[in-house]
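So the structure is just underneath, and the comments pick up after that.
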Amino acid sequence: MKWVWFLCYFLCFGVVLSRSEDGFEDLKARESLLSFLEHDAVAVPAPQPLMIGLSLIQGADSKGAVCLDGTLPGYHLHRGSGSGANSWLIQLEGGGWCNTIRSCVFRKTTRRGSSKFMEKQIPFTGILSNKAEENPDFYNWNRVKLRYCDGASFSGDSQNEGAQLNFRGQRIWLAAIEELMAKGMQNAEQALLSGCSAGGLASILHCDEFRDLVPKTTKVKCLSDAGMFIDAVDVSGGRTLRDMYAGVVSVQELQKVLPSTCTSQLDPTSCFFPQNLVANIKTPLFLLNAAYDVWQVRSSLAPTSADPLGQWKDCRADNAHCNSSQIQFLQDFRNEMLNTIKVFSKSDQNGLFINSCFAHCQSERQDTWFANDSPVIGNKSIAESVGDWYFDRVAVKTIDCPYPCDNTCHNIVDNDVISTITISQSTRLTFSLLSLLSAFLISLTFSNALNEV
């Protein structure tokens, strides 16, 4: 019965963690939210998803293309077939960023900074599914999930010898493309670079570069899912996300690698925000985003650090509990997002699907990508919209009406007491026992890392 007591102790008291200096409480909160949103949640209805094994990029270390801790980077590949045999979809994994040496040291003890901790197999769902009824346009393509272990959206190229940290996201990106080219991508007739969250930002940062790396005859487009991070004012009047991005740029010396078209006009931190990048991208790009992106609401607009009295606690957990002034604040954020993409949206080659949901990463989850009750705008799902845009069937620049008009949303709701999250009208997501125990062990590792650094 010891394990029962152990689990009970974690469930009852695990949330009562001691506060650390330098914003580490916020770091833990962000990591916990990302763990749920991107990986640790188990979507119950998904029936026997395709599981794909991890491949490490052998020899990448000789090129300096390594994770934060120096281990080899990795990817998951499922081969295409039939009409999709020469088409390639590259999905860049998300997972936030580390913005201080100490947080990067912690990160390298997780799958976000070391291939030693990456899952040996992951499910391919949503845009990665191999079933036509789940992924009508890309199901038989070569589909790749490139794992994220550098902490700066695959963009850094520096190191910190004292802390034994490798900031080699750019080299990982190039080593992965070289590996995939050797596996057949050099013959690609069609290619789509996609990514979610921090991977969505990466797909924006690398879009034109991807176009240049694959054959000129290849039809190339890019998709950014939940990657439109906005340099917005938080509820305290500060700029939480800008402060964090400033740390990422400084720690990994990103000023050396960010697009010169931006850094010649703006400061490097501003050039890590996609709102200052998308208008200058030459390759066709599709922005898929929730207007009230739940990660941005909880970690950028109304983080606990900006809400010391807890006035936003209920609203953060469940949009149905937001009062009128909070809803207005969120409507202003939506308007700001729409204003930042006005120039981008004028280009005929670009696409948009901005729904008025409290969601995050809608292309990777089957229930939001393509299912019987998936979110729609004008009776068209996300998968259908992306497919129409990629194959030039019809122009797609769809912007939803403001909240609460859309009743097809799968809004993420956080019930803190029982550590479950419900998606309205559809899927119930729960933390598995393994995920709970893993989270507890990571908390212990985190505490140890703080004591050692």
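Side chains are part of it too, since the values below use all heavy atoms of this structure and drop only hydrogens, waters and symmetry mates. The structure displayed is predicted, hence computed values, not measured ones. Quick note: residue numbers are just sequence positions, from 1.
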Side-chain heavy-atom pair I101, V251 within 4.5 angstrom cut-off: yes
Whether S115 side chain and M118 backbone form a donor-acceptor pair below 3.5 Å: no
- prompt: Taking atom types as modelled, is there a side-chain donor on S197 or H360 under 3.5 Å from an acceptor on the other?
  reply: yes
- prompt: Would a 4.5 Å heavy-atom cut-off, applied to side chains only, mark W173 and F210 as touching?
  reply: yes
query: Do Q121 and I52 have side-chain heavy atoms sitting under 4.5 Å apart?
result: no
- prompt: Should the pair K108-D69 be classified as a salt bridge under the 4.0 Å nitrogen-to-oxygen rule?
  reply: no
query: Knowing that exactly one of D414, D234, D307 qualifies, which makes a salt bridge (Lys or Arg N to Asp or Glu O under 4.0 Å) with R316?
result: D307
query: Has R107 got its NZ or CZ under 6.0 Å from the middle of the six-membered ring of Y148, at an angle within 45 degrees of the ring axis?
result: yes
Salt-bridge contact D137-R393 (side-chain N to carboxylate O under 4.0 Å): yes
message: Taking the side chain as everything from C-beta on, heavy atoms only, tell me whether F106 gets closer than 4.5 Å to C98.
response: no
message: Using only atom types and a distance under 3.5 Å, with no angle test, would you say the side chain of N276 pairs donor to acceptor with the backbone of C271?
response: no
message: Could you walk me through whether T240 and D243 satisfy the side-chain hydrogen bond (donor to acceptor under 3.5 Å, both in side chains) test, starting with their C-alpha distance in whole Å, then the side-chain angles of each, then the deciding distance to 0.1 Å, before giving a yes or no?
response: CA-CA 5 Å; T240 297; D243 291 344; 5.8 Å; no
query: In Å and rounded to the nearest 0.5 Å, what is the CG to CG distance from L89 to L223?
result: 8.0 Å
statement: Residues Q362 and P375: closest non-hydrogen pair is OE1-CG, 4.2 Å
query: Stepwise, does the side-chain contact (heavy atoms from CB on, under 4.5 Å) test hold for D231 with L241?
result: CA-CA 7 Å; D231 185 8; L241 190 56; over 6 Å; no
The single option from I127, L50, L192 passing side chain to side chain contact (heavy atoms under 4.5 Å, CB included) against R143: L50
query: So, does H78 use its side chain to make a donor-acceptor pair with the main chain of M51 at under 3.5 Å?
result: no
query: What's the spacing between L277 CG and M228 CE if we round to 0.5 Å?
result: 8.5 Å
task: Evaluate the side-chain proximity of I204 to L287: yes if any heavy-atom separation is below 4.5 Å, no if none is.
output: yes
- prompt: Between N135 and S129, is there a donor-acceptor pair closer than 3.5 Å when you use the side chain of the first and the backbone of the second?
  reply: yes
task: Determine whether F344 and I281 make a side-chain contact, defined as any pair of heavy atoms from C-beta on separated by less than 4.5 Å.
output: no
query: Is there side-chain contact between S224 and F286, with at least one heavy-atom pair below 4.5 Å?
result: no
query: salt bridge (Lys or Arg N to Asp or Glu O under 4.0 Å) with E119: which of R111, R112, K145?
result: R111
message: Let's go through I399 and L352 carefully: what are the C-alpha distance in whole Å and the side-chain angles of both, what is the deciding distance for side-chain contact (heavy atoms from CB on, under 4.5 Å) to 0.1 Å, and is it a yes or a no?
response: CA-CA 7 Å; I399 299 176; L352 290 172; 4.2 Å; yes
query: Do you know which two heavy atoms are closest between P303 and L301, and how far apart they sit?
result: CD-C, 3.3 Å
query: Is there a donor-acceptor pair under 3.5 Å between the side chain of R168 and the backbone N or O of D150?
result: no
Separation between SG of C104 and CG of N99, rounded to the nearest 0.5 Å: 7.5 Å
task: Using the six-membered ring wherever Trp is involved, compare the ring planes of Y403 and Y292 and label them parallel, tilted or perpendicular (cut-offs 30° and 60°).
output: perpendicular
query: Does NZ or CZ of K221 fall inside the cone over Y390's six-membered ring, less than 6.0 Å from its centre and within 45° of the axis?
result: yes
message: With a 4.5 Å cut-off on side-chain heavy atoms, are L68 and N166 touching?
response: no
field: Working for ring-ring contact (aromatic ring centres under 6.0 Å, His included), residues F353 and W389
entry: CA-CA 10 Å; F353 190 101; W389 166 79; over 10 Å; no
- prompt: Backbone N or O of V144 within a donor-acceptor pair of the Q91 side chain at under 3.5 Å?
  reply: no
- prompt: Can you tell me if W369 and E134 form a side-chain donor-acceptor pair at under 3.5 Å?
  reply: no
query: Can any side-chain N or O of Q296 pair as donor or acceptor with the backbone N or O of I230 at less than 3.5 Å?
result: yes
message: Measuring from atom SG of C357 to atom CD1 of I412, what distance do you get when rounded to the nearest 0.5 angstrom?
response: 10.0 Å
message: Below 30° counts as parallel, above 60° as perpendicular, anything between as tilted: where do the rings of F391 and F138 land?
response: parallel
field: Ion pair D208/K282, N-O distance below 4.0 Å
entry: no
- request: Go through the steps to decide whether S55 and L77 satisfy the test side-chain contact (heavy atoms from CB on, under 4.5 Å), and finish with yes or no.
  value: CA-CA 8 Å; S55 298; L77 164 64; 5.9 Å; no
task: Taking atom types as modelled, find out whether N335 and Q331 have a side-chain donor-acceptor pair closer than 3.5 angstrom.
output: no
task: Measure from the side-chain N and O atoms of S374 to the backbone N and O of A371, and report whether any donor-acceptor pair falls under 3.5 Å.
output: yes
message: If you apply the rule side-chain contact (heavy atoms from CB on, under 4.5 Å), what do you find for W97 with L201, and how did you get there?
response: CA-CA 11 Å; W97 311 269; L201 171 56; 4.1 Å; yes
field: Exercise: identify the closest heavy-atom pair between M337 and A290
entry: CE-O, 4.0 Å
query: Would you say S114's side chain and K116's backbone share a donor-acceptor pair under 3.5 angstrom?
result: yes
field: Where P268 and Q255 come nearest, the two heavy atoms and their spacing
entry: CG-CB, 3.7 Å
message: Run E384 and S381 through side-chain hydrogen bond (donor to acceptor under 3.5 Å, both in side chains) and show every step you take.
response: CA-CA 5 Å; E384 292 169 312; S381 70; 3.0 Å; yes
message: Under a 3.5 Å distance rule, please check whether D157 uses its side chain to pair with a backbone N or O of Q170 as donor and acceptor.
response: no
- prompt: Between F358 and W295, is the gap from one ring center to the other below 6.0 Å?
  reply: no
